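Remarks on the structure that follows.
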Amino acid sequence: RDKTVPSYPIEAFQPLLEMLGSQSRYLFVYAMGDTECRTFFITEDLDPSDLKTLIATEFGLPVSEPICFEHFDASHQRSIIIPMTTIKTFALSHRDYDIAVRLKSYSPPRPLQRTQQKQSGQGQSGADPWENDRYFGEYGKVNIHWHMLKDTRRCEMYRKGVESFAADFKDKIVLDVGCGTGILSCFAAKAGAKKVYAVEASGMHASAREVAKQNGFGDVIEVVHGKIEEIELPVPQVDIIISEWMGIFLFFESMLDSVLFARDKWLAPDGQLFPAKARQFLAPLCLDDWWDQRMNLFQNGVSGVDLSPLVANAAEQFSEFPLKGCPDVRPQHIVGTPLVMKEIDIRTCTLEEIRDYEFSATFDLTAYREKTEKPKDHIHGFVTWFDVTFESNRPESAEIEPVVLSTSPMETVPTHWQQDCFLMGEKIPISDITEIPCSLKAIQHKQWRRHYEVSFSFVIGREQYSKDFVL
């Protein structure tokens with residue numbers, strides 16, 4: 001019914017379906033209703049809560065308009081209505097409709113398969129260990145920036161971090177590493193920077209240039225297209241480096257490597273970095289709501305069918321990979337007092353400090369039990385989050401209160417980073433336990449440099465637990 005797009009019977013796709021199997025992930029599907037056709041993009045990279053807004057924005061629909069859609073993610077979790085695995089599954093479940101399907105940006109292997117390859121150390125011979133084509137390809141699209149720009153806490157804390165130290169930016173030369181849409185460069189220009197070099201390796205560089213012009217900073221902000229490790233600046237040094245380099249688990253994507261490269265090459269001896277410091281936190285986690293929602297289906301059965309033989313498989317697969325950017329963590333899920341597991345001063349830290357580090361400590365549950373009305377009697381694993389601090393090293397700015405951007409679940413306004421959960425695949429009892437000795441080791445992946453291998457080892461009672469993850 002959409003005259004601009006040819007419609008083909010599903011049988012025409014049979015050879016392609018057999019070839020792709022369950023790997024069809026990025027699709028445009030024309031969902032036929034009684035009177036109209038709606039077009040939408042399905043991707044596992046979107047949070048379910050964000051997908052409706054994005055669809056409405058993409059196609060000019062009122063956000064309040066009901067939109068039915070299928071969403072499928074790498075964990076095979078039922079997110080909204082029905083999990084969708086292949087075109088064929090969708091078609092067979094809608095036999096009463098005329099189905100038109102068009103493949104869009106199919107790019108094997110699937111992210112899940114890539115993760116499995118990283119976990120096993122496999123990969124194509126000669127493949128770029130930094131995966132730059134895919135990485136910068138993704139950051140060249142508006143949708144990933146939409147996630148960051150709608151994160152009001154992120155944007156406001158960066159704005160506040162720059163405005164609070166506007167005197168440090170006045171008449172200074174600023175380098176924005178990985179400028180994206182150019183929003184941080186605009187903050188620096190508004191604060192009075194004499195010149196801002198906004199470096200962006202993705203296709204977003206052209207848009208950043210237009211944003212600078214649109215905001216009246218076309219003469220102040222100079223957008224430089226290229227990787228920071230490969231470009232040259234027209235100046236020997238800069239006074240300030242600003243960057244939003246943080247990934248999930250703080251270091252995922254390894255963008256801090258590029259910031260440190262820029263620091264060592266261009267930052268003046270008395271120069272500054274915004275943010276200047278970062279901390280990573282760790283705490284035991286009891287994620288009952290999330291875990292029970294998935295496991296109860298297999299434990300209780302469906303429509304009179306006993307599914308208990310699937311319980312062990314489900315527990316293993318739901319905990320096989322970290323829950324990156326998990327939106328379900330609340331303060332009541334934190335068991336014990338969180339501990340700082342990594343702290344760095346970005347002005348002085350080295351690559352070795354962030355590429356390979358260990359943390360060992362004991363979580364004391366005594367205070368948690370005393371102040372909690374109904375303390376948890378088990379944990380599922382651990383959760384991490386981070387914060388970064390904007391502060392100045394100038395004596396004149398010593399009285400200005402530092403600005404902290406935190407991704408803690410205790411914050412009332414969440415960020416798009418949210419938290420990262422590492423589940424052990426079972427409920428581990430802690431009823432009679434007063435402390436949990438724990439060790440963590442994080443290593444930048446030897447082959448896939450934007451990823452990290454994270455290993456946990458901890459003791460509860462007389463039981464020793466350990467598990468390895470790949471981010």
Side-chain angles (χ1 to χ4, degrees), residues 47 75 77 247-252 279-296 314-342 359-387 406-412 414-442 452-461 463-471:
D47 295 331
S75 318
Q77 302 159 14
I248 58 169
F249 195 70
L250 184 60
F251 300 116
F252 180 74
R279 298 185 299 174
Q280 197 174 21
F281 295 83
L282 180 70
L285 174 72
C286 179
L287 200 58
D288 273 338
D289 299 341
W290 188 95
W291 185 258
D292 292 344
Q293 181 185 21
R294 285 147 184 80
M295 297 307 299
N296 286 349
E316 179 182 354
Q317 292 180 23
F318 281 127
S319 62
E320 182 178 5
F321 303 105
L323 304 181
K324 299 184 291 187
C326 180
D328 300 297
V329 182
R330 300 291 182 269
Q332 63 268 26
H333 297 136
I334 306 301
V335 179
T337 303
L339 299 177
V340 176
M341 71 178 207
K342 183 67 176 176
F359 167 78
S360 294
T362 297
F363 291 96
D364 187 349
L365 304 185
T366 305
Y368 163 74
R369 296 191 191 284
E370 291 175 351
K371 70 179 183 180
T372 306
E373 184 177 348
K374 293 181 179 180
K376 303 293 185 181
D377 61 1
H378 61 274
I379 64 171
H380 293 100
F382 294 86
V383 58
T384 68
W385 62 89
F386 65 85
D387 66 26
S406 173
T407 66
S408 168
M410 273 67 85
E411 296 288 345
T412 55
T415 69
H416 76 284
W417 289 285
Q418 300 182 95
Q419 296 81 39
D420 306 308
C421 304
F422 299 83
L423 307 184
M424 300 300 135
E426 59 179 307
K427 292 184 177 181
I428 302 175
I430 59 169
S431 297
D432 302 321
I433 302 301
T434 58
E435 58 182 31
I436 303 177
C438 176
S439 295
L440 176 147
K441 185 174 180 61
Y452 271 75
E453 297 175 279
V454 182
S455 300
F456 284 86
S457 177
F458 58 100
V459 177
I460 294 184
E463 295 292 327
Q464 175 82 36
Y465 298 85
S466 62
K467 191 168 183 179
D468 301 328
F469 297 89
V470 175
L471 279 166

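These numbers come from the heavy atoms of this one structure, side chains and all, not from hydrogens, waters or symmetry mates. Being a predicted model, the structure only gives us computed values, none of them experimental.
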**Spacing of OG belonging to Ser408 relative to CH2 belonging to Trp417, to within rounding of 0.5 Å** = 14.0 Å
**Message:** Does anything in residues 430-441 form a side chain to side chain donor-acceptor pair (under 3.5 Å)? List the pairs, not counting sequence neighbours.
**Reply:** Asp356-Lys441, Glu358-Lys441, Ser360-Ser439
**Complete:** Glu411 meets the salt bridge (charged side-chain N to carboxylate O under 4.0 Å, His left out) criterion, sequence neighbours left out, with Arg153
Mind listing the side-chain donor-acceptor pairs of residues 330-337 below 3.5 Å, one per line with the distance, residues two or more places apart or on another chain?
residue, atom, partner, partner atom, Å
Arg330, NH1, Pro327, O, 2.8
His333, ND1, Asp328, O, 3.3
His333, ND1, Arg330, N, 2.9

**Residue list, ring pair (Phe, Tyr, Trp, His ring centres under 6.0 Å) with Phe359, at least two apart or on another chain** = none
**Message:** Give me the atom names and distance for the closest heavy-atom approach of Phe249 to Ala442.
**Reply:** CE2-CB, 4.0 Å
**Request:** Evaluate the side-chain proximity of Leu339 to Phe281: yes if any heavy-atom separation is below 4.5 Å, no if none is.
**Result:** no
**Request:** Nearest 0.5 Å please: distance from the CG atom of Leu282 over to the CD atom of Gln280.
**Result:** 8.5 Å
Review item, side-chain donor-acceptor pairs of residues 373-386, under 3.5 Å, at least two apart:
residue, atom, partner, partner atom, Å
His378, NE2, Asp288, OD1, 2.7
His378, NE2, Asp288, OD2, 3.4
His380, ND1, Leu287, N, 2.9

**Prompt:** Does Thr366 have any side chain to side chain donor-acceptor pair (under 3.5 Å) partners at least two apart in sequence or in another chain, and if so, which?
**Reply:** Asp364
**Message:** Is the shortest side-chain heavy-atom distance between Leu323 and Leu423 below 4.5 Å?
**Reply:** yes
**Message:** Tell me whether Arg294 forms a cation-pi arrangement with Trp291, defined as NZ or CZ under 6.0 Å from the six-membered ring centre and within 45 degrees of its axis.
**Reply:** no
**Message:** As a quick check of understanding, evaluate side-chain contact (heavy atoms from CB on, under 4.5 Å) for Val470 and Phe321, giving each step before the final call.
**Reply:** CA-CA 7 Å; Val470 175; Phe321 303 105; 5.9 Å; no
**Message:** Quick one, Cys421 and Lys324 - any side-chain contact, counting heavy atoms below 4.5 Å?
**Reply:** no
**Prompt:** Are any of the side-chain heavy atoms of Asp468 and Glu453 separated by less than 4.5 Å?
**Reply:** no
**Request:** Drop me the distance from Ile248's CD1 to Thr407's OG1, to the nearest 0.5 angstrom.
**Result:** 11.0 Å
**Asked** Taking only residues two or more places apart in sequence or in another chain, which ones pass salt bridge (charged side-chain N to carboxylate O under 4.0 Å, His left out) with Asp292?
**Response** Lys427
**Shortest non-hydrogen contact between Ile460 and Pro429, atoms and distance** = CG2-O, 3.4 Å
**Request:** Answer whether the closest heavy-atom distance between the side chains of Gln418 and Val329 falls below 4.5 Å.
**Result:** no
**Side-chain heavy-atom pair Ile436, Thr362 within 4.5 angstrom cut-off** = no
**Request:** Run the salt-bridge test on Asp387 and Arg279 with the 4.0 Å N-O cut-off and return the result as yes or no.
**Result:** yes
**Prompt:** Among Tyr465, Tyr452, Phe456, whose ring pair (Phe, Tyr, Trp, His ring centres under 6.0 Å) with Phe422 holds?
**Reply:** Phe456
**Prompt:** Mind checking what makes side chain to side chain contact (heavy atoms under 4.5 Å, CB included) contact with Gln464, not counting sequence neighbours?
**Reply:** Ser457, Val459
**Request:** Using the test side chain to side chain contact (heavy atoms under 4.5 Å, CB included), find all partners of Lys467 that sit at least two apart in sequence or belong to another chain.
**Result:** Ser319, Met424, Phe469
**For Phe252, ring pair (Phe, Tyr, Trp, His ring centres under 6.0 Å) partners two or more places apart** = His451
